[in-house]
S.K.: 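One structure is given below, represented as structure tokens, and several questions about it will come after.
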Amino acid sequence: MRITKFALILLMSGLSSPLLAETTAEQIRKATLEFLGGFASEQANEGYTVTFEPGAIDSRLALAECEQPLSVEFSGDPWKSTSPSMLVTCEGSRPWRMFVTASVSIHGPALVAARPLTRGERITEGLLTRQSVEINASRRGAITDAQQAIGMEVRRAVNAGSLVTPDMLSAPNAVERGDHVIITAKTGGFSVRSRGKALASASVGEQVLVENLRSSRRIKASVVAPGQVEIPM
């Protein structure tokens, strides 16, 4: 009798307490669709066409209820992959996070070689042309702004009509081995200049070994412009 009453109390208690709410797979899919739709709209304003489809989510999935709207962001670069991952996050009192894949295709104008390019050739505007391509089909990325390529040097031979990617180009040397350079030593608003000789070739932003022509001292300096290097004091 006692056992029966105890079981009845437990049953009534279970019925009176509300079931814990859950975040379902469908809610997660809806959040990812809204996020991808927003991304597609943003890129449409820039002249790109984006098609997308979220990856499959197990319909049996049930996570803690989220009192706030789900947060979704790319965790992989959609410009370098047709299958970028997305991070879905709940920032509520019972936080959780999960990754969801998606199929994303970005079509739009990108730079391609107007003719065969040879190694060491300096890029000019006439060597490039725009063509509509699936930009994120290449994991190496694409160049969409001609100003990012003009003046750069071709690192290896490129066939006519090939997509020009950042790894195909490099900044030209601003300092060549044996060049006479101006060495500027700076500290705060004070600077001292001297003449030197580059002992190697380097582009802007790179470090190069230089020899001070007056003291014969060898030092590492940063290339800041053609024929100019800088060292901290």
Side-chain angles (χ1 to χ4, degrees), residues 23-59 61 63 66 68-91 96-119 121-171 205:
T23 300
T24 64
E26 184 56 36
Q27 290 171 319
I28 295 171
R29 177 179 171 80
K30 181 180 178 182
T32 58
L33 278 170
E34 290 177 355
F35 170 75
L36 291 170
F39 174 74
S41 297
E42 289 176 3
Q43 304 316 312
N45 294 333
E46 302 295 328
Y48 300 100
T49 301
V50 179
T51 56
F52 58 85
E53 179 64 33
I57 303 173
D58 192 337
S59 60
L61 180 70
L63 298 169
C66 199
Q68 303 176 17
L70 296 177
S71 171
V72 185
E73 62 182 354
F74 284 117
S75 58
D77 189 349
W79 291 92
K80 293 184 179 180
S81 173
T82 55
S83 302
S85 57
M86 297 178 292
L87 176 63
V88 183
T89 307
C90 169
E91 302 290 352
W96 51 262
R97 47 190 267 167
M98 69 173 292
F99 291 93
V100 177
T101 58
S103 175
V104 177
S105 179
I106 304 174
H107 285 264
L111 298 177
V112 300
R115 64 163 175 76
L117 306 178
T118 58
R119 180 180 178 183
E121 192 169 6
R122 188 74 63 91
I123 293 293
T124 62
E125 192 168 359
L127 297 180
L128 305 172
T129 186
R130 288 183 178 275
Q131 198 173 98
S132 183
V133 299
E134 186 178 17
I135 295 175
N136 61 335
S138 171
R139 291 184 176 274
R140 296 178 296 177
I143 300 177
T144 58
D145 184 356
Q147 294 306 312
Q148 296 176 355
I150 292 175
M152 302 286 274
E153 286 186 354
V154 179
R155 297 181 62 184
R156 59 177 181 272
V158 179
N159 294 327
S162 295
L163 181 69
V164 178
T165 59
D167 65 308
M168 293 179 178
L169 309 176
S170 62

S.K.: Tell me every residue that passes side chain to side chain contact (heavy atoms under 4.5 Å, CB included) with Thr89, counting only those two or more places apart in sequence or in another chain.
M.R.: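 Scan of Thr89 (side chain to side chain contact (heavy atoms under 4.5 Å, CB included), adjacent residues dropped) gives Ser71, Leu87, Glu91, Arg97.
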S.K.: Is Pro166 close to Ile143 at the side-chain level, that is, under 4.5 Å between some pair of heavy atoms?
M.R.: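 Yes. Closest side-chain heavy atoms under 4.5 Å.
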S.K.: How close do Pro109 and Ile135 get, heavy atom to heavy atom, and via which atoms?
M.R.: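 Scanning both residues completely, I find the closest heavy atoms to be O-CD1, 4.0 Å.
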S.K.: Can you measure from OG1 (Thr165) to CZ (Arg139) and round to the nearest 0.5 angstrom?
M.R.: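 If we round to the nearest 0.5 Å, Thr165:OG1 and Arg139:CZ are 14.0 Å apart.
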S.K.: Starting at OG1 of Thr51, measure out to CD of Glu134 and round the result to the nearest 0.5 Å.
M.R.: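 Result: 7.5 Å between the selected atoms.
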S.K.: Give me the atom names and distance for the closest heavy-atom approach of Leu36 to Pro54.
M.R.: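 Shortest heavy-atom contact: CD1-CG, 4.1 Å.
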S.K.: Between Leu63 and Met98, is there a side-chain heavy-atom distance shorter than 4.5 Å?
M.R.: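 A side-chain contact under 4.5 Å exists here.
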S.K.: Any side-chain heavy atom of Gln148 sitting closer than 4.5 Å to one from Leu111?
M.R.: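 No, every pair of side-chain atoms sits at 4.5 Å or beyond.
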S.K.: List the steps and the verdict of side chain to side chain contact (heavy atoms under 4.5 Å, CB included) for Met168 and Leu117.
M.R.: CA-CA 10 Å; Met168 293 179 178; Leu117 306 178; over 6 Å; no
S.K.: Closer than 3.5 angstrom, by distance alone: can the side chain of Ser75 be matched with the main-chain N or O of Ser85 as a donor-acceptor pair?
M.R.: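 Indeed, once roles are kept as given, a pair shorter than 3.5 Å links the two residues.
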S.K.: For residues 149-160, tabulate all N or O donor-acceptor pairs below 3.5 Å that involve a side-chain atom, not counting sequence neighbours.
M.R.:
unit_1, atom_1, unit_2, atom_2, d
Arg155, NH1, Asp167, O, 3.3
Arg156, NH2, Asp167, OD2, 3.0

S.K.: Measuring from atom CG of Leu128 to atom CZ of Arg115, what distance do you get when rounded to the nearest 0.5 angstrom?
M.R.: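 Separation between the atoms: 10.0 Å.
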S.K.: Of Val72, Leu33, Leu70, which meets side chain to side chain contact (heavy atoms under 4.5 Å, CB included) against Ile28?
M.R.: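 Of all the options given, the one that passes is Leu70.
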S.K.: Using modelled atom types only, decide if a donor and an acceptor are shared between the side chain of Arg130 and the backbone of Thr144 within a distance under 3.5 Å.
M.R.: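 Answer holds: yes.
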S.K.: Is Asn136 reaching over with its side chain to a backbone N or O of Lys80, donor-acceptor style, under 3.5 angstrom?
M.R.: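 No, the answer is negative, given that no donor and acceptor are paired below the 3.5 Å cut-off.
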S.K.: Could you check, using the six-membered ring where one of them is a Trp, whether Phe74 and Phe39 have ring centers closer than 6.0 angstrom?
M.R.: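 Here the rings of Phe39 and Phe74 have centres that are less than 6.0 Å from each other.
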S.K.: Hey, does Thr23 have a side-chain heavy atom less than 4.5 Å from the side chain of Cys66?
M.R.: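 When only atoms from C-beta onward are counted, Thr23 and Cys66 do touch, with a gap below 4.5 Å.
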S.K.: What heavy-atom pair brings Ser138 and Leu163 nearest, and what distance separates the two atoms?
M.R.: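 It is CB-CD2, 4.1 Å.
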S.K.: Which atoms form the tightest heavy-atom contact between Ala114 and Gly126, and what is the distance?
M.R.: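 That closest heavy-atom pairing would be CB-O, 3.9 Å.
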S.K.: If only atom types and distance count, is the side chain of Ser81 paired as donor or acceptor with the main-chain N or O of Asp77 below 3.5 Å?
M.R.: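 Not a single qualifying donor-acceptor pair exists.
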S.K.: Has Glu125 got more than 12 heavy atoms of other residues, nucleotides or ligands less than 6.0 Å from its CD?
M.R.: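 For Glu125, atom CD is not crowded (no more than 12 foreign heavy atoms under 6.0 Å).
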S.K.: Val104 and Pro84: which non-hydrogen atoms are nearest, and at how many Å?
M.R.: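 So the two residues come closest at CG2-CG, 3.8 Å.
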S.K.: Between atom OG of Ser105 and atom CD of Glu53, what is the distance when rounded to the nearest 0.5 Å?
M.R.: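 Interatomic distance, Ser105 OG to Glu53 CD, rounded to 0.5 Å: 13.0 Å.
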S.K.: With rounding to the nearest 0.5 Å, note down the distance linking NZ in Lys30 to CD in Gln27.
M.R.: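 It comes to 8.5 Å.
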S.K.: Holding to side chain to side chain contact (heavy atoms under 4.5 Å, CB included), I want the full list of residues that pass it with Pro69, two or more places apart in sequence or in another chain.
M.R.: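 By the side chain to side chain contact (heavy atoms under 4.5 Å, CB included) rule, Pro69 matches no residue at all.
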S.K.: Can you name the nearest heavy-atom pair linking Glu121 to Leu127, along with the distance?
M.R.: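 Smallest interatomic distance, heavy atoms only, reads OE2-CD1, 3.8 Å.
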